[in-house]
Number of protein chains: 2
Amino acid sequence: MTPMKEDYLKIIFELGGSHKKVSNKDISLGLGIAAGSVTEMVSKLADEQLVVHEPYAGISLTPKGEKYAAELVRKHRLWETFLVDKLHYNFADVHQEAEVLEHQTSDRLATALDNFLQHPKACPHGGVIPSASGEFPEVSRVLLADAKDGEKVTLERFLDNHELLTYLEELQLRPGDEVTVVRHEPFEGPLVIKKAGADQPINVSYKASHNIFIRADK
Amino acid sequence: MTPMKEDYLKIIFELGGSHKKVSNKDISLGLGIAAGSVTEMVSKLADEQLVVHEPYAGISLTPKGEKYAAELVRKHRLWETFLVDKLHYNFADVHQEAEVLEHQTSDRLATALDNFLQHPKACPHGGVIPSASGEFPEVSRVLLADAKDGEKVTLERFLDNHELLTYLEELQLRPGDEVTVVRHEPFEGPLVIKKAGADQPINVSYKASHNIFIRADK
DNA sequence: CAAAAAAATTAGGTTAGCCAAAGATCACAT
DNA sequence: ATGTGATCTTTGGCTAACCTAATTTTTTTG
Ligand SMILES: [Mn+2]
Ligand SMILES: [Mn+2]
Ligand SMILES: [Mn+2]
Ligand SMILES: [Mn+2]
C-alpha cells in the first residue's frame, strides 16, 4: 500500500464512502488530481477489494477499505493531537504535518502515541479518533449555520481547512465551546453568537458557519 | 528532494563522504540497490551539486550535500530519542521507525521536537545529533576491539544494527557505560570487560567489539 | 606485464503514478 | 425525445526509480 493509495482511501472515507457512493469528481477535486488518474487508481483499489466501483455510478468503500481508512484517520488525528498538546503547535498548522506522518506510522507507533497522549477521544478540531481496530462512532452532521436563534449548542467539530482554522483561532473559538446563537444576519451576513460566560458577541461568517458542526445542548 | 535521494545522501555521509571518497559498491550494499541504479542516482545528485562524482574513482559530498545529510541525521536521531525517551521503545527497535519518519519531518517539526526533548546531545545509540544548521563534531573512530587489556574506557557509540543492539541490550550495555578491558581471548574469541562497579565480567563477541566505538577515559 | 577478477558504467526494459485530450455516457431542460 | 453540457473513462505519453545483462575500466595477481 502506497501513500497515494492511502490518501485516496482516506478522502473517499471523508467524503462519506462508508455509507454512500462518492463521485470521481469529488475525489479529483479533493486530491487535486486529474479525473482520468482517479479512474485509473480507483480501478486498482477495486482490484484489491478496497472499494467497489460501478462505472459512471460511483465509488464506495468495502468493509476492508473502510477499516483501512479509519486506521489512517486515527493515525492522522493522533499526530495532530501530539503536535498541539505536546509540541505546542497552533491548531491551524497541524494538518499538513499529519498528512505526511500518517503514512509512516506503524500500528505499534500509533499504539505508543495513543498511550503517551492518554487515549484522546478527538483531534484538536473535534474529529473523533477511531479505535485501533478501525471503529468510529457516528458524528454530528448538524451545521452551526442551521441552529435556531436563541438555541444553546456546543461546537463539536471544525472542518480541517487552514484558512478556516486560522479564522476561528482569531475568533477564539474551539471545539467544545458552548455558545448561544443570537441571530442570523440576512443576505449571507454573519451568524452572531455568544460564548458561555462572555459578554461580547462574536460574528461568525456565513461561510464559516457552514463548516462547523454542532451538538445541541440538553 | 525525494526520500530515496535523501537516503542516498545519508548513507554517503555515514560512509564518510564528508572527508573521503565513497565507492559505488558500498552505497549499493548499504542501500540494497543494484550498482547500476546507484550510478544513475549519483549522477542526478551530482547534477544537483550535492555530490561530486569522478567516474571509476568515487563519490563525495559537496558542502551543500553534507549539510543536507547532516540535517537528515539530526531528524533521524531526534526521532530515535523521542521513541526511547517518551514512548518507551527499546533502543534496538527505533531505527526502523526513524528511517521513514526522518523524510517527513519539516524543519519546524525538528525544532519543536528538539525543544520537547530538551536538546539531546546524542541518540540512544550514542550517535551525536547534528545542530539545526548541519554542524556536527568529530566523533571517535576507536573501536572497543582495539582497546588494550587493562585500559579503562567509556562506550561512546554502537553501530545502528538491530541484531547488534538486541545483543548489547541483553548484555545490559549502554552508551556512556564505563568499562575496564580485562582481556582479548584468542582466535576471534570474546573480549572480556567489566562494567564500573560490577563484579561479574561480561563477554563481548569479537564481532560486536568491532561495532562499538569508545573514548579513552582521562 | 599480461591475464583474470573486481568494480563501475551503460543499455534496454519494467512499474507506479501522473497528465492532457479524445471519446463515451449520463442527466436534464427544453 | 432530443440536444447540450457535465461527468466519466480511455488513450497515449511522460518521469522517477528500479532491475538485469553487457561492456568498459581499474586493480590484483601469477
Ligand atoms: Mn487534519
Ligand atoms: Mn496523507
Ligand atoms: Mn538509526
Ligand atoms: Mn530513511
Side-chain angles (χ1 to χ4, degrees), chain A residues 1-17 20-62 65 68-69 72 96 99-100 102-104, chain B residues 1-17 20-62 65 68-69 72 96 99-100 102-104:
Chain A
M1 182 65 66
T2 68
M4 277 321 299
K5 280 185 182 174
E6 291 184 343
D7 279 339
Y8 274 90
L9 285 182
K10 200 155 62 81
I11 196 144
I12 295 167
F13 180 87
E14 281 158 6
L15 291 171
K20 67 173 201 218
K21 279 177 190 144
V22 166
S23 74
N24 180 305
K25 182 123 203 275
D26 286 345
I27 298 172
S28 169
L29 248 49
L31 294 178
I33 285 173
S37 305
V38 171
T39 302
E40 187 181 332
M41 182 64 92
V42 162
S43 92
K44 286 181 195 163
L45 293 172
D47 289 349
E48 298 175 50
Q49 324 270 344
L50 291 163
V51 305
V52 177
H53 180 207
E54 296 178 58
Y56 294 103
I59 299 131
S60 58
L61 293 167
T62 63
Y68 201 119
L72 281 165
Q96 268 195 298
E99 193 58 50
V100 294
E102 63 189 3
H103 306 291
Q104 310 300 154
Chain B
M1 183 65 66
T2 68
M4 277 320 300
K5 281 186 181 173
E6 292 184 342
D7 278 340
Y8 274 89
L9 284 183
K10 199 155 62 84
I11 196 146
I12 295 167
F13 180 86
E14 280 158 4
L15 291 171
K20 67 174 202 220
K21 278 174 190 145
V22 167
S23 72
N24 180 304
K25 182 130 204 269
D26 286 345
I27 299 172
S28 168
L29 249 49
L31 294 179
I33 285 173
S37 305
V38 171
T39 301
E40 186 180 332
M41 183 64 91
V42 163
S43 92
K44 285 181 196 165
L45 294 172
D47 289 349
E48 299 175 49
Q49 323 271 343
L50 292 162
V51 304
V52 177
H53 180 207
E54 296 178 57
Y56 293 102
I59 298 131
S60 58
L61 293 167
T62 62
Y68 202 119
L72 281 165
Q96 267 195 299
E99 194 58 50
V100 294
E102 63 190 2
H103 306 290
Q104 311 300 157

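Quick caveat: nothing in here was measured; it's all calculated off a predicted structure. Sequence lines set the chain letters: A, B, ... in the order given, protein chains first and strands last, and positions in each chain run from 1.
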Could you tell me the separation between the [atom1] atom of [X] and the [atom2] atom of [N], rounded to a whole number of Å?
X: Met41(B); N: dT15(D); atom1: CE; atom2: P; answer: 16 Å
X: Met1(B); N: dA16(D); atom1: CE; atom2: P; answer: 13 Å
X: Asp47(B); N: dT15(D); atom1: CG; atom2: C1'; answer: 15 Å
X: Met4(A); N: dC19(C); atom1: CE; atom2: P; answer: 9 Å
X: Glu54(A); N: dC26(C); atom1: CD; atom2: P; answer: 12 Å

Criterion side-chain contact (heavy atoms from CB on, under 4.5 Å) on Lys21(B) and Ile59(B), from CA distance to verdict: CA-CA 5 Å; Lys21(B) 278 174 190 145; Ile59(B) 298 131; over 6 Å; no
Where Ser23(B) and Asp26(B) come nearest, the two heavy atoms and their spacing: OG-N, 3.0 Å
Heavy-atom closest contact (Lys20(A) atom, Leu15(A) atom, distance): CE-O, 3.5 Å
Crowding at CD, Gln96(A) (>12 non-hydrogen neighbours, <6.0 Å): no
Criterion side-chain contact (heavy atoms from CB on, under 4.5 Å) on Val100(A) and His103(B), from CA distance to verdict: CA-CA 9 Å; Val100(A) 294; His103(B) 306 290; over 6 Å; no
Touch class at under 4.0 angstrom, heavy-atom based, for Thr2(A) against every strand present: sugar-phosphate
Where the side chain of [X] is concerned, which of [options] is the nearest nucleotide?
X: Lys5(B); options: dA17(D), dT10(D), dC18(C); result: dA17(D)
X: Lys44(A); options: dG17(C), dC18(D), dT9(C); result: dG17(C)
X: Glu40(B); options: dC18(D), dG17(C), dA24(C); result: dC18(D)
X: His53(B); options: dA16(C), dT9(C), dC8(D); result: dT9(C)

Short side-chain N/O contact to dA16(C) OP1/OP2 from Tyr8(A), under 4.0 Å: no
Residues in contact with DNA chain C, drawn from residues 21-38 of chain B - heavy-atom cutoff 4.0 Å: Ser23(B), Asn24(B), Lys25(B), Ala35(B), Gly36(B)
Pairwise 5' ranking along DNA chain C for Tyr56(A) and Pro3(A), keeping only the more 5' one: Pro3(A)
N/O donor-acceptor pair under 3.5 Å between Thr62(B) side chain and Leu50(B) backbone: yes
Backbone N/O of Ala34(B) and side chain of Ser28(B): donor-acceptor pair under 3.5 Å: no
